[in-house]
There are 2 protein chains.
Amino acid sequence: MNKQPKYRQVADALRREIDNGAYPPGARLPSESELSARFAASRNTVRSGLNLLVTEGLISSSQGLGYEVRSHEVFKLNASRFENLSFPQNGDAYSTDVTNAGRRPHQTFRVEMLPAPEEIAAWLKVEAGAKAVLRFCHRYVDDVPWSTQATYYPGWLVEQAPRLAEPGDIAEGTTRYLADHGISQIGYFDEIATRMPTPEEARLLEIGAGVPVLLWTRTGYSDEKPIRCTITTFRGDLNRMNYEIGDLAGRNEDL
Amino acid sequence: MNKQPKYRQVADALRREIDNGAYPPGARLPSESELSARFAASRNTVRSGLNLLVTEGLISSSQGLGYEVRSHEVFKLNASRFENLSFPQNGDAYSTDVTNAGRRPHQTFRVEMLPAPEEIAAWLKVEAGAKAVLRFCHRYVDDVPWSTQATYYPGWLVEQAPRLAEPGDIAEGTTRYLADHGISQIGYFDEIATRMPTPEEARLLEIGAGVPVLLWTRTGYSDEKPIRCTITTFRGDLNRMNYEIGDLAGRNEDL
DNA sequence: TAGTGGTCTAGACCACCTC
DNA sequence: AGGTGGTCTAGACCACTAC
């Protein structure tokens, strides 16, 4: 018999009860001292067990309130349809999507000139440290922090499309603005990764322990070379990404 | 001044030193008692700080050995080229990919008949609990657990392609086998999500705290309806996914 | 055997929330 | 005021690894 440490027994028992529905999403767990009595363990041991469930993303805690079972509501982003030039959108694709879902979008925005970080330079196929423009969005849905989006444009492109470097929104959307200047994106290369948030990301997205981030890096190509690289950082618990490949012809409307 | 708790100061100081390269990937951190002296904190406080870094995926620990800075080596899977029927592969696409990368693939395999779980049934557009076949792979690369892959086929399909339900590999590959029986996949619908692993997943993939999983759900469509649903569970620290959209014509060879 | 991390306890004090 | 979780300590014993 493989005896588990007591704090794991606590975590396993509570996890089972959560899975069973004994504590449905949004419900409060018994207090630490109650659990301490129930499991005949010290408060610290119970805390270790609860902490396990927190880092698994199952529950969250707040001072003075207690532990609560997390509820998940996910937003699905169809990355293969997003910003499709064949179906041009007016303005920002994100706002459109969120509004269509009956939610209220909100975002803060800033523009920076900076030397391209190494990773970005590799995507844009320019030298590390070369001039680049960063357009940065911090996005909320119904006032919940949802994602951050950093788009980098290579310096050479800015000479052809100077408004990229100007602060403030581009009303018709940057994709449309570039297309109007003869620079159209004919393809994308996407990379999707996941990891735990850095403290900075945890702060911006207001996520605690147990919630990973989903990183979406999209590099847009013109006929000849990369013209932009967009890194979107999502809260992993609230977002999923979809891609359609081949001829699906709307067989997936309800998904 | 916003005073941080001591265990956070410990975590922040060590994180900074790791980021600086003072402790490069693979390096060992000082022992808990050394850190305890350095930070004038009790061993438990130091442990809280170290535990933060563990749940961030930055370091890992093992009994008797100490704490070690994690190193990351990622495998990129091109999901938009994977299993492309225009470029038919002999046998298993996964083994081919891994071998091409100069690594040694290894997998265990099993087949089950079972009632379709609710989520799967939704993808396959059959009733929950309807008969389904599960073909399950547990995959390793150089003996490191890499991913699990569960493919579900609807019961009605098995009547046309009975070998799906037989245990043991299908030498020519299931996609090819189905195509030879007049059932060809004309499109896919992919969904990508991330979360912390369940204890079961953590066991199969041998991941500790601080490493999320990447969930890739691919539903394959024939001309008329879904014919399979594949859920691949990756270690998030070792895998990234790529998609090409539009006409890239090999502009990305080196990525 | 010595040193490492892993588990567990008992108790103290603090910060936050609700009433 | 009373209950909740958050932080911290000091010390005990165990399990694993190295030599």
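Basis for what follows: all heavy atoms, side chains included, without hydrogens, waters or symmetry-related copies. Below, chains carry the letters A, B, ... as their sequence lines are ordered, and counting in each starts from 1.
Between B:Y67 and C:dG6 there is a side-chain N or O to OP1 or OP2 distance below 4.0 Å. Taking only side-chain nitrogens and oxygens, B:R47 comes nearer than 4.0 Å to OP1 or OP2 of C:dG6. Residue A:S61 has a polar side-chain atom (N or O) positioned under 4.0 Å from OP1 or OP2 of D:dG6.
Taking every side-chain heavy atom of A:P5 into account, C:dC8 is the closest of D:dT7, C:dG6, C:dC8. Listed nucleotides: C:dG5, D:dG5, D:dA18. Nearest to the side chain of A:S31: D:dG5.
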Please evaluate residues A:E206 and A:R235 with respect to the criterion salt bridge (charged side-chain N to carboxylate O under 4.0 Å, His left out), reporting the C-alpha separation (whole Å), side-chain torsions for both, the decisive distance (0.1 Å), and the verdict. CA-CA 9 Å; A:E206 289 176 23; A:R235 287 182 54 148; over 6 Å; no

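When the options B:L214, B:T232, B:N78 are evaluated for a side chain to side chain contact (heavy atoms under 4.5 Å, CB included) with B:M241, the one that passes is B:L214.
At whole-Å resolution of the value, CD in B:E32 and C1' in D:dT9 are 15 Å apart. Rounding to whole angstrom units, NZ of residue A:K6 and C1' of C:dT7 are separated by 10 Å. Between the C1' atom of C:dT7 and the CZ atom of A:R8 lies a distance of 11 Å, rounded to the nearest Å. Spacing between atom CD of A:E34 and atom P of D:dT4 amounts to 6 Å, rounded to whole angstrom units. When rounded to the nearest whole Å, the span between CD of A:Q4 and P of C:dT7 equals 10 Å. Atoms OH (B:Y7) and C1' (D:dT9) sit 16 Å apart, rounded to a whole Å. Between the CG atom of B:N51 and the P atom of D:dT7 there is a distance of 12 Å, rounded to whole Å. One can place CG of B:L65 at 6 Å from P of D:dT17, the figure rounded to the nearest angstrom.
Within the 4.0 angstrom heavy-atom criterion, only backbone atoms of the sugar-phosphate kind lie near B:S62; the bases stay farther away. As judged by a 4.0 angstrom heavy-atom cut-off over every strand, A:S33 is placed among residues touching the sugar-phosphate backbone only.
At least one test fails for B:R228 against the ring of B:Y153: distance under 6.0 Å to the centre or angle within 45° of the axis.
No salt bridge links B:R135 with B:E112; every basic N to acidic carboxylate O contact stays at or beyond 4.0 Å. Look at B:E68 and B:R28 and you find no salt bridge, because none of the NZ, NE, NH1 or NH2 atoms lies under 4.0 Å from a carboxylate O.
Between A:H106 and A:Y140, the two ring planes are tilted [angle within 30° to 60°].
Between the side chains of A:T45 and A:S42, at least one donor-acceptor pair of N or O atoms lies under 3.5 Å.
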Heteroatom pairs (N/O) under 3.5 angstrom, protein to nucleotides 10-14 of chain D:
unit_1: D:dA10; atom_1: N6; unit_2: B:N44; atom_2: ND2; d: 2.3

